[in-house]
Amino acid sequence: MAKKAAKKLKVACLGGLGEIGKNLTVLEYGDDMIIIDCGMGFPDDDMLGVDLVIPDFSYLKKNADRIRGVFLTHGHEDHIGSIPYLLSEIDVPIYGTRLTIGIIKYKLEEHKIPFKPRLFCVEAGDVIEAGEMFVEFIHVNHSIADACALAIFTPLGTVIHTGDFKLDLTPIDGEVMDLTRFGELGKEGVLLLMCESTNAERPGFTPSEKTVGESLKSIFMRHPKKRIVITTFSSNVHRVQQIIDISVAHKRKVAVIGRSMQNIVSAAIELGYMHVPEGAIIDIGDIKNYNPENVTVITTGSQGEPMSALYRMAFSDHAKLNLGNDDLVVISANPIPGNEKLVDRLINEFTKNNVTVFRDSSVEIHVSGHACQGELKLLQALVKPKYFMPVHGEHKHLAANRDLAKSMGQDASTIFIGENGKVLEISSKSAKFNGTVPGGVLFVDGSGVGDVGNIVLRDRKHLSEEGIIVVVASVSLDEGLLMSGPEIITRGFVYMRESEELIAELRRIAYESIYDGLDSDYIDWAQLKNMIKDDLARYIYSKTKRRPMILPIILDV
């Protein structure tokens, strides 16, 4: 045991620090490595055209033979969304609770993985061997069923990773967070607590999910003549269950719209996490057979995502459902930071069409799935870790969690706020940051993964702000002659029909640049194109104070 303890435990986050989402943590001890979660993130406003943001897997690919498994805390996209992309690179076993694995199976049907993935279902209380480490799943409450924290037993001591959690004393499924197990581990001694930080700035305790149910009941009672359209996170199985129960009690049929919502509801019913009376759910195509007051619609689009079902309803572009005076839209979710404008845009469109909209700012129809300060303090008091590392959140959230730990008596020298890729190295005597591993990002654009980088994004930003000018000409380098052109084509710069004088001048400048180049003693393609770009750029800026992208296309004939 002394030899084993001489090794060092290394902890690195490849995502989830200084940001919301994209959670991925790596623990290494000796020749063994485990991965905790593998999530995706939403693109920022400046990531034009990007669909998803995923972690850089280069470090994992390099150490694939050392990885003993991916251990998942729960089934939210910011914790499992990158699993298909990881499996397309390396074959590693995946461990998660039944609902988590069920959701992943639906996701993998949309991706062509070159082998049969090794997916293993576990339950809270199970312990999985991972080389010299052992991983125990501990039940916690969250806004999705089957969520777990993880206790990782290493020869140096126990590491607890909370995943996302809250303390719900009246959970929908009746299963309260296993505080007893956290207390037992605290008494035995905890080396490191990695604790989520999303709500670390909020005082008090997070309200129970059942409070949302009471608000929804009130809405149904007060609007008996309206068709009710409710949008929430597709993974919030307990909330969807409450909506269905209330709808059935009010003799309403339920239509489920949106691929992710349909997939998760199907998986939850199949696995027994949701219970729906026979005939309660109808196809969206059948709602025309019912009066508005006899229908509830549960849909995706709570974040205002373009092309989501709710977005298409707002802009009267949904093939089977148009909304108007007889409809009430309930947004049972808070916007993820950065999505506020998208959600406001939806609300504005609905109100233009006289659709009534309720959101959490006016009615209590959403509660967080994340621990507030009261729960975070309670967990720290139970666990009493030697070292503390806030995870899951922007830097302000990590700092708030650090301050909570200090208020609980944790010495500042034992608290570590990291960055993606920064390695926390723990020995039998101390802990410190030591070195880095690749902790960047990959952009997913359509079916392309990683083929959009910073240079492409820079070009997209440039095009969106300044436009593009294309110069097309045919030359004979051997004879030094311009054979045809130059033609000027613009997009996003000026409207050509109203700027004929400017376009004519650009054509003249390009003509002179080409002949100046052809008259030179020596000219190559790169020099000729650069001369055209430089001459045009100087003139355009002098006249318009703009810097469009200039793309010369010169053909040798």
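Just so it is clear, the structure is predicted and the values come from calculations on it, not from any experiment. Sequential numbering from 1 along the given sequence is applied to the chain's residues.
No donor-acceptor pair under 3.5 Å is formed between the side chain of E136 and the backbone N or O of L150. Judged purely by atom type and a 3.5 angstrom limit, H76 has no side-chain atom pairing as donor or acceptor with the backbone of D78. Although no hydrogens or angles enter the test, the distance criterion places a donor-acceptor pair under 3.5 Å between the side chain of E19 and the main chain of G16. Put simply, the side chain of Q303 never gets that close to the backbone of G301: no donor and acceptor are under 3.5 Å apart. Using modelled atom types, one side-chain atom of D178 and one backbone atom of R181 make a donor-acceptor pair closer than 3.5 Å. A donor-acceptor pair under 3.5 Å is formed between the side chain of K253 and the backbone N or O of G279. For D173 (side chain) and E175 (main-chain N/O), a donor-acceptor pair under 3.5 Å exists by modelled atom type. Using a distance-only test at 3.5 Å, with no hydrogens or angles considered, no donor-acceptor pair links the side chain of N420 to the main chain of G439. Although no hydrogens or angles enter the test, the distance criterion places no donor-acceptor pair under 3.5 Å between the side chain of S143 and the main chain of G369. The closest donor-acceptor contact from the side chain of S82 to the backbone of G39 lies under 3.5 Å.
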| request: Would you please test R118 and D91 for salt bridge (charged side-chain N to carboxylate O under 4.0 Å, His left out) and show each step? | output: CA-CA 8 Å; R118 292 179 283 162; D91 178 9; 3.3 Å; yes

| field | Verdict with reasoning, L342 to E305, per side chain to side chain contact (heavy atoms under 4.5 Å, CB included) | value | CA-CA 7 Å; L342 290 172; E305 308 96 313; over 6 Å; no

| field | Pair V391-N401, side chain to side chain contact (heavy atoms under 4.5 Å, CB included): steps then yes or no | value | CA-CA 9 Å; V391 294; N401 210 354; over 6 Å; no

| task | Could you give me the CA-CA distance, side-chain angles and deciding distance for T97 and T100, then say whether side-chain hydrogen bond (donor to acceptor under 3.5 Å, both in side chains) is met? | result | CA-CA 5 Å; T97 50; T100 305; 3.1 Å; yes

| task | Report the C-alpha separation of L87 and I94 in whole Å, then their side-chain angles, then the decisive distance to 0.1 Å, and conclude whether the side chain to side chain contact (heavy atoms under 4.5 Å, CB included) test is met. | result | CA-CA 10 Å; L87 290 180; I94 310 289; 4.2 Å; yes

| request: Run the numbers on D245 and Q241 for side-chain hydrogen bond (donor to acceptor under 3.5 Å, both in side chains), then give the verdict. | output: CA-CA 6 Å; D245 290 344; Q241 178 73 72; 3.0 Å; yes

| Which is it for F350 and T356 under the side chain to side chain contact (heavy atoms under 4.5 Å, CB included) test, yes or no, and what are the steps along the way? | CA-CA 7 Å; F350 280 130; T356 305; over 6 Å; no

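How far CZ of F358 is from CD1 of I228: 9.0 Å, rounded to the nearest 0.5 Å. Atom CZ of residue F205 and atom NZ of residue K377 lie 9.0 Å apart, to the nearest 0.5 angstrom. Rounding to the nearest 0.5 Å gives a distance of 11.5 Å between CD1 of I172 and CE of M274. For the atom pair I244 CD1 and R252 CZ, the distance stands at 14.0 Å (nearest 0.5 Å). Atom-to-atom distance recorded for L179:CG and L378:CG is 5.5 Å, nearest 0.5 angstrom. With rounding to the nearest 0.5 Å, the separation of CD1 in I36 from CG in L72 is 10.0 Å.
Contact annotation: the side chain of V70 approaches that of L86 to within less than 4.5 Å [non-hydrogen atoms, C-beta and beyond]. T206 has its side chain out of reach of L167: every pair of non-hydrogen atoms, C-beta onward, lies at least 4.5 Å apart. Two residues are said to be in side-chain contact when any heavy atoms from C-beta on lie closer than 4.5 Å; H318 and I257 meet this criterion. Counting only heavy atoms from C-beta outward, the side chains of V254 and I282 never approach each other to under 4.5 Å. Between I90 and F57 there is no side-chain heavy-atom pair separated by less than 4.5 Å. Looking only at side-chain heavy atoms (C-beta outward), N353 and S316 come within less than 4.5 Å of each other. The closest side-chain heavy-atom distance from L108 to P117 is below 4.5 Å. For the pair I144/N236, no side-chain contact is recorded, criterion being any heavy-atom separation below 4.5 Å from C-beta on.
The two residues I138 and A151 come nearest to each other via the heavy atoms CD1-CB, 3.9 Å. The minimum heavy-atom distance linking G304 with Y311 is given by the pair O-CD1, 3.8 Å. T300 approaches S260 most closely through the heavy-atom pair CG2-OG, 3.3 Å. Among all heavy-atom pairs drawn from L404 and A200, the shortest one is CD1-O, 4.0 Å. The shortest heavy-atom contact between C195 and L379 is SG-CD2, 4.4 Å. Shown here for P171 and N141, the closest heavy-atom pair between the two residues is CB-ND2, 4.0 Å.
Judged by distance alone, the side chains of H79 and D37 do bring a donor and an acceptor atom under 3.5 Å apart. A donor-acceptor pair shorter than 3.5 Å cannot be found between the side chains of N199 and Q373. A donor and an acceptor atom, one from each side chain of S208 and T211, are nowhere located under 3.5 Å apart. A donor and an acceptor atom, one from each side chain of R312 and S308, are nowhere located under 3.5 Å apart.
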Only pairs under 3.5 Å count here: list side-chain donor-acceptor contacts from residues 285-299, not counting sequence neighbours, and write none if there are none.
{"residue": "K288", "atom": "NZ", "partner": "G285", "partner atom": "O", "Å": "2.5"}
{"residue": "T296", "atom": "OG1", "partner": "S247", "partner atom": "OG", "Å": "3.0"}

Side chains of residues 322-332: which donor-acceptor pairs under 3.5 Å do they make with residues two or more places apart or in other chains?
{"residue": "D327", "atom": "OD1", "partner": "R227", "partner atom": "NE", "Å": "2.6"}
{"residue": "D327", "atom": "OD1", "partner": "R227", "partner atom": "NH2", "Å": "3.1"}
{"residue": "D327", "atom": "OD2", "partner": "R227", "partner atom": "NH2", "Å": "3.3"}
{"residue": "D327", "atom": "OD2", "partner": "G324", "partner atom": "N", "Å": "2.8"}
{"residue": "S332", "atom": "OG", "partner": "R239", "partner atom": "NH1", "Å": "3.2"}
{"residue": "S332", "atom": "OG", "partner": "I365", "partner atom": "O", "Å": "2.4"}

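For an aromatic pair to be called close, the ring centres must be under 6.0 Å apart, and H142 with H370 satisfies this. Taking the six-membered ring for Trp and the full ring otherwise, the centers of F165 and H392 sit at least 6.0 Å from each other.
Under the rule for a salt bridge (charged side-chain N to carboxylate O under 4.0 Å, His left out), K105 has no partner lying at least two apart in sequence or in another chain.
With salt bridges taken as basic N to acidic carboxylate O contacts below 4.0 Å, one links E77 and K107. With respect to D344 and R359, a salt bridge is recorded, a charged nitrogen being found less than 4.0 Å from a carboxylate O. Ion pairing between a basic and an acidic side chain is recognised when a charged N comes within 4.0 Å of a carboxylate O; E123 and R98 show no such pairing.
Taking the six-membered ring for Trp and thresholds of 30 and 60 degrees, F120 and Y95 have nearly parallel ring planes, at less than 30 degrees apart.
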